[in-house]
Amino acid sequence: MFAATRVLSSVAAKRTFATSAANLSKVAVLGAAGGIGQPLSLLLKNNTRVTDLSLYDIVNSPGVAADLSHINTNSKVAGFGPENDGLKKALEGSEIVVIPAGVPRKPGMTRDDLFNTNAGIVRDLAEACAKHCPKANFLIISNPVNSTVPIFAEVLKKHGVYDPKRLFGVTTLDVVRASRFVSEVKGKDPKDVNVTVIGGHSGVTIVPLLSQTGEKFSQEELDALTNRIQFGGDEVVKAKNGTGSATLSMAFAGARFADSLLQAKQGKKGIVEPTFVESPIYADQGIEFFATNVELGPEGVEKILPVGETSEYEKDLITKCIADLKKNIEKGKSFVKA
Ligand SMILES: NC(=O)c1ccc[n+]([C@@H]2O[C@H](COP(=O)([O-])OP(=O)(O)OC[C@H]3O[C@@H](n4cnc5c(N)ncnc54)[C@H](O)[C@@H]3O)[C@@H](O)[C@H]2O)c1
Ligand SMILES: O=C(O)C[C@H](O)C(=O)O
C-alpha cells in the first residue's frame, strides 16, 4: 500500500513539474477543427507540458473543444470562433501558436496553387497575432510554407514585433517521412534512422541529405528515395483522392515540434529539430529563409546548425532548391508589401 502511494505521488510530482507556475504553457491552435487541427489538438491535450489549450477556427471549434475537454489530463481546453472577439481571446497569453488554418491540396495541384486562398488567411491571422500575442512562438503549417512564413514575417515586421527567433515553418513531416522511407529500404527501426532534410517544404525545395545518414545507397536507391521524400505529400494527396492531404502524420509531426519547443523553453538543452526559419546559411545567394537542423532554446531559435558535408548529388539538389525557394519567398514578401 505504502509503495503504491509512493509510486502514485511520484507520478503526480512529475505531472506538477510540467504544470508548475514557472512552466505555464498556453498553446493556441488556429484552424483547430480541420483535418490536421483536430488530431493535433488531441496530441497537445495529451501533452502534460501544455496547461491551456486554446482552439480557434471559423467553424466548429466549440464542439472540438468540448470533446477534448473530457480527456483527463490536466490542461484546460477552450474553443473560440470569430464572434465575440474569439480570436483575440484565443491568442491572448499564448506562448505557442500553431497554425494549420487554410485549404489543402487536391490531386494535380502544387502547394503553390494554394497561395491565392491561404496567403490571405495567414496574413490575417498574423495581423491578429501581432496585436494579441506578439511575444508568442509561431509555428506555421499552412501551405505553401515557403511563402506563408515570409508572409507572417512581413506582417510582424509591419507591426514592429518581428523576432526571427520565434517564427518557424514546420518541416518536421519531411524528416518523419524520410526516416520512415529509409528505414523501410534498409530494414531498420525508424527510431535508429535520422535523416537531415534541408531547404523548404515543396517538391525540389525539399533536400534530403542521405549521405549524412551513415547508410550506403546505390544510385537507384538514392534517386528513388530522394524522389519519394520530395514528393511524399503527393502520395497522400493522390490516395485521399480529392478529400485532402496529409493530416494524421502532419498532426504527429506538428505535435513533435511543439513538444520539442516546449521542452527547450522549459530549460532542456540540446533539443534539435529541422525547421524553416530566417537563416544566414544561403543569405549570400539571396535566400532569407531556409530549413536546417536548429537547436531550440528558451527564446526559440538558439542556434542554426550548419548544413555540413554534402555529396555532389546533394549539391546539385541544393542548387535546384535555391532557384525555386527564392521565387516562393519573394512571392510571399511581395504579397504583404503590395
Ligand atoms: N507543413 C506541412 O508539412 C503540412 C502538412 C500537411 C498539410 N499542410 C497544410 O495545412 C493546411 C491545413 O490542412 P488540413 O488538411 O487541416 O485542411 P482542412 O481543410 O481539413 O482544415 C483547415 C481548417 O482551417 C480552417 N480555417 C480556414 N480559414 C481559417 C481562418 N481564417 N482562421 C481559422 N481557421 C480557418 C477551416 O475552417 C478548417 O477547419 C493546408 O494548407 C495544408 O496544405 C501542411
Ligand atoms: O502535400 C501537401 O500538400 C501537404 C503537406 O505539405 C505534405 O507534405 O503532406
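Just follow the structure's listing: the first ligand is 1, and inside any ligand the first atom is 1. In what follows, residues are counted from 1 in the order of the sequence shown. Worth saying up front: this structure is predicted, and the values here are computed from it rather than measured.
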Does the side chain of F168 come within less than 4.5 Å of L261's, by heavy atoms? yes

Below 4.0 angstrom from a heavy atom of A246, which ligand 2 atoms are there? Numbered from 1 as shown, please. 9 (O)

Side chain, backbone, both or neither: D174 near ligand 2, heavy atoms under 4.0 Å: neither

Quick one: nearest non-hydrogen protein atom to atom 3 (O) of ligand 2, plus distance? R105 NE, 2.6 Å

Quick one: does G244 get a heavy atom under 4.0 Å from ligand 1? no

Among protein heavy atoms, which sits nearest to atom 7 (C) of ligand 1, and what does the distance come to when rounded to 0.1 Å? I36 CD1, 3.3 Å

Would one find more than 12 heavy atoms of other residues, nucleotides or ligands at under 6.0 Å from atom NZ of K165? no

Can you find an N or O of V103 that's nearer than 3.5 Å to an N or O of ligand 1? yes

Determine, considering heavy atoms only, which of G86, A101, G31, G102 sits nearest to atom 22 (C) of ligand 1. G102

I'd like to check which ligand 2 atoms, numbered from 1 as shown, lie under 4.0 Å from a non-hydrogen atom of G233. 1 (O), 7 (C), 8 (O), 9 (O)

Quick one: sort the F138 and F152 rings into parallel, tilted or perpendicular, breaks at 30° and 60°. tilted

Ligand 2 and R177, any nitrogen or oxygen pair closer than 3.5 angstrom? yes

Closest to atom 44 (C) of ligand 1 among protein heavy atoms sits I141 O, 3.0 Å

Cationic tip of K89 within the cone over Y56's six-membered ring, i.e. under 6.0 Å and within 45° of the normal? no

Proximity winner for atom 33 (C) of ligand 1, if only heavy atoms of Y56, F276, F80 are counted: Y56

Within the 4.0 Å heavy-atom cut-off, what V236 brings close to ligand 2 is neither

Taking distance alone, with N or O pairs closer than 3.5 Å, would you say R111 contacts ligand 2? yes

Report the nearest protein non-hydrogen atom to atom 42 (C) of ligand 1: residue, atom name, distance rounded to 0.1 Å. N143 ND2, 3.8 Å

What protein heavy atom sits nearest atom 6 (O) of ligand 2, and how far off is it? H201 NE2, 2.6 Å

